[in-house]
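In this chain, residues are counted from 1 in sequence order.
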Amino acid sequence: MALVALRRGLSRGCLAAVTSRSSSAAPEAAKRRRLCWRGSSSARAFHAERGNTPWPASQPVASSPAQDPNGPAATAGHAEQQKGPRTLGVELSPELELPPCAPGALQHIWEDPALGAPFGQEAPCLTNSELLRALQAQARLGADAPSGVLGALVAECQRRLQQGALAAPELCVLGESLAELRGPGHALLQQIGRQLQGAKLAELSPENVVAVYGLLQTCPHLVDQHPALLGRLNAIALTVVPCLGPKALSQLLGALVALDQAQALPLVIRLGRHAVGHLRRFTGQQLGLVLEAFIHFGHHDRFFTQALEQHVAARPPTLSPEVLCRVTEYCGRKRILSEPILAAAAESFVCQADRLSSYQVAALLAPLGQLNYSPPNAPTLFRKLESTLQERFCDFPPRTLLGLLHSCSLAGRHPVNFMARIFSPYFLQQLQGTESRLDRLSLAQLTQLFLSAVLECPFYKGPKLLPKYQVKSFLTPCCSLETPVDFPLYKSVMAGLIDLLGARHYFASKVLTPYGYTIDVEIRFDKEGFVLPGPLAEDVHKRVALCIDGPRRFCVNSKNLLGKEAMKQRHLRLLGYEVVQIPCHEVEMLKSRPELVDYLQSKLFPQGREPHW
């Protein structure tokens, strides 16, 4: 009777009662006894897809005979209850789809002692599917879940778990519900992990493979307890990749990132190739998971990038800002100079700047400076950005604003009208927040902005950045504004310089300047053009800074310097250095040491003179 009352309550609220597994003894009563966690309209569509005959749309869900507890339908339903547990008649899904009003309806029903207590007592009569869906509904209620019903459901799940009556997909649903209700350290989760370890994972459907990953992501300690489980799962996942839809594919990549599965790179590569076909069907959040996985595992797929470019170019007016922000962030973090994507981002900002959040403005425009790219509409873009910042300056979080203005400076567009506000004590206090001091990256960005104001904006007469906020070096391990020199390339150039100049002491390496920049190689000349030994500091007429630019100082598959490297070379020239660039793509073309020596001589002595020392 409790289940009948529950069915009536759900039908009056927002959940529908639908037909159950047909029984030869009482088919009509069975139809009235089945439950489905869907609204009535979605339930009709669900049965129509499977060839079943739902109730007529013009009739109420619960007909008058079912409302009579003493009628023939109730008697037939009781007879069916005696035959065995009922089934929901649907495949078990790792996620429970509840209408917005469902948690409130369930809470109202289960808090009623006349309904909740009998329902908990009848938990053993439920099928596995019904039991787990009820537990999922309790998990959705969270702290509001009634303890009596929850205890009965968990106890019944534990009993069936000990009997080995739950299949692998059901174990995943149970594990995720328990982790949500009782935390990832619940004792039953260890038993679930042991049963999954011995399960036949190869027989799982693609959706259930993703469900197992979701459980391991929710309870990462199961991976530590059963290390072989994840290895088996990665091997099986390789075989089901072609069957995954966009949602499952993005969830799987998100789980691999959360579990830090660096050894599963072949799986990531295959998922990336499969993602090309689903690109137009991804939501912004799903696409974000895919791109985050590529960034995390250092994966770059040119076919995926080409598909992104086509996707963005084909839908510039209708593409949502959320999706475009994800794409531009991916380009910036992976150093991908994609002109179609960056131009679309610039055009999107100009057209809808007033509707963009502060985060979206920064996400769209910061990669322009990072990748040293000037879009076709650059004048219009920066005028629009200036007006937007003047209107909404206080709406931007301090670190987001600092990063955006620093990116503009990387692109050679210096925010002179905002520097006075950036260097003010009030903004610096806001930037520091509750921390004891500013983080290293913010200090480095402030220092470089101030250096840009001094060197590139001599007309700036506003406040200066106090020395206590200035860093001594832009090259730091954690948050560097310079790219470390590529060691194999550096070693090769060093050998060529020794052959050219005759000795190691005629040049200095990795020289830290008073302005925070680190020079890869410095060579000093006197007035007559003679090379001075490194220790001698007097009579220096010219300083040559060799920038040995490895591949990480350029955009991927491009000869375009990154914004931070272009700014460094720009500042060194303004500081009086003669900058000589030694790019990796030129050195790689040289086939022998003599060719390298001739190449360096042409770079250092372009007039064709022999070096003097």
Side-chain angles (χ1 to χ4, degrees), residues 94-95 206-218 220 230 233-316 318-338 340-342 344-345 348 359-360 362-364 366-367 370-371 555-557:
E95 296 185 1
E207 292 76 13
N208 289 328
V209 170
V210 177
V212 178
Y213 274 105
L215 174 62
L216 297 180
Q217 180 181 359
T218 305
L230 198 52
L233 199 59
N234 290 338
I236 294 170
L238 277 170
T239 64
V240 302
V241 167
C243 304
L244 297 179
K247 182 178 181 180
L249 188 148
S250 61
Q251 288 176 339
L252 179 50
L253 282 171
L256 291 175
V257 171
L259 296 171
D260 195 21
Q261 287 295 287
Q263 67 273 22
L265 186 58
L267 176 58
V268 175
I269 294 174
R270 190 163 187 181
L271 288 168
R273 292 174 181 173
H274 187 57
V276 174
H278 291 302
L279 192 58
R280 297 180 182 275
R281 300 168 56 196
F282 283 125
T283 65
Q285 183 179 8
Q286 292 168 359
L287 183 58
L289 289 174
V290 175
L291 298 176
E292 183 64 30
F294 284 3
I295 296 170
H296 180 83
F297 294 109
H299 177 57
H300 168 59
D301 190 301
R302 64 185 181 90
F303 297 106
F304 184 80
T305 303
Q306 291 173 0
L308 273 179
E309 292 177 344
Q310 296 172 3
H311 179 58
V312 171
R315 303 172 56 191
T318 59
L319 200 63
S320 69
E322 178 188 3
V323 174
L324 195 54
C325 288
R326 296 285 187 179
V327 175
T328 52
E329 283 181 327
Y330 168 70
C331 291
R333 293 173 68 177
K334 292 297 296 180
R335 311 187 340 266
I336 300 174
L337 181 61
S338 173
I341 292 175
L342 298 178
S348 176
Y359 160 76
Q360 290 173 337
L364 287 176
Q370 296 168 2
L371 301 174
C555 298
V556 173
N557 299 327

Would you say that Leu265 contacts Val268 through its side chain, given a criterion of any heavy-atom pair below 4.5 Å between the two side chains? yes
Ion pair present between Glu207 and Lys247, side-chain N to carboxylate O less than 4.0 angstrom? no
Take Val257 and Phe294, measure what side-chain contact (heavy atoms from CB on, under 4.5 Å) needs, and give me the verdict at the end. CA-CA 9 Å; Val257 171; Phe294 284 3; over 6 Å; no
Side-chain donor or acceptor of His300 paired with backbone N/O of Thr305 under 3.5 Å: no
Tell me, yes or no, whether the heavy-atom count around Phe303 atom CZ, taken from other residues, nucleotides or ligands under 6.0 Å, exceeds 12. no
If we only count heavy atoms from C-beta on, is the Leu342 to Pro367 side-chain gap below 4.5 Å? yes
Out of curiosity, Asn208 CG to Leu215 CG, how far, rounded to the nearest 0.5 Å? 12.0 Å
Tyr213 and Leu256: side-chain contact (heavy atoms from CB on, under 4.5 Å), yes or no, with the steps? CA-CA 8 Å; Tyr213 274 105; Leu256 291 175; 3.9 Å; yes
In short, Glu329 meets Tyr359 closest at the heavy-atom pair OE2-OH, 2.9 Å
Above 12 or not: heavy atoms from other molecules or residues under 6.0 Å from CD of Gln285? no
Looking at His278 and Pro246, what are the two nearest heavy atoms and their distance? ND1-CD, 3.8 Å
Taking every heavy atom of Ala363 against every heavy atom of Thr328, the minimum-distance pair comes out as O-OG1, 3.0 Å
Rounded distance (nearest 0.5 Å) linking atom CG of Leu337 with atom CD of Gln370: 12.0 Å
To the closest 0.5 Å, what do you measure between CG (Leu279) and CG (Leu287)? 6.0 Å
What one should report as the nearest heavy-atom pair of Leu267 and Leu238 is CA-CD2, 3.7 Å
Heavy-atom nearest pair, Ser250 first then Phe282, reads CB-CE2, 4.5 Å
Which distance, rounded to the nearest 0.5 Å, do you find between the CZ of Arg326 and the CG of Leu291? 8.0 Å
With distance as the sole test, does Ser348 use its side chain to make a donor-acceptor pair with the main-chain N or O of Ala344 at under 3.5 Å? no
Between Ile336 and Leu371, does the side-chain contact (heavy atoms from CB on, under 4.5 Å) criterion hold? Intermediate values first, please. CA-CA 8 Å; Ile336 300 174; Leu371 301 174; 5.8 Å; no
Hey, is the main chain of Gly288 close enough, under 3.5 Å, to the side chain of Tyr330 for a donor-acceptor pair? no
Rounded to the nearest 0.5 Å, how far does CG of Leu253 lie from NE2 of His296? 11.0 Å
Can you measure from CZ (Phe304) to NE2 (His274) and round to the nearest 0.5 angstrom? 12.5 Å
Where do Leu244 and Val209 land on the side-chain contact (heavy atoms from CB on, under 4.5 Å) test, with the steps shown first? CA-CA 10 Å; Leu244 297 179; Val209 170; over 6 Å; no
Arg270 versus Pro242, closest heavy-atom pair with distance: NH2-CG, 4.0 Å
Taking everything shown except Asn557 itself, do over 12 heavy atoms lie less than 6.0 Å from its CG? no
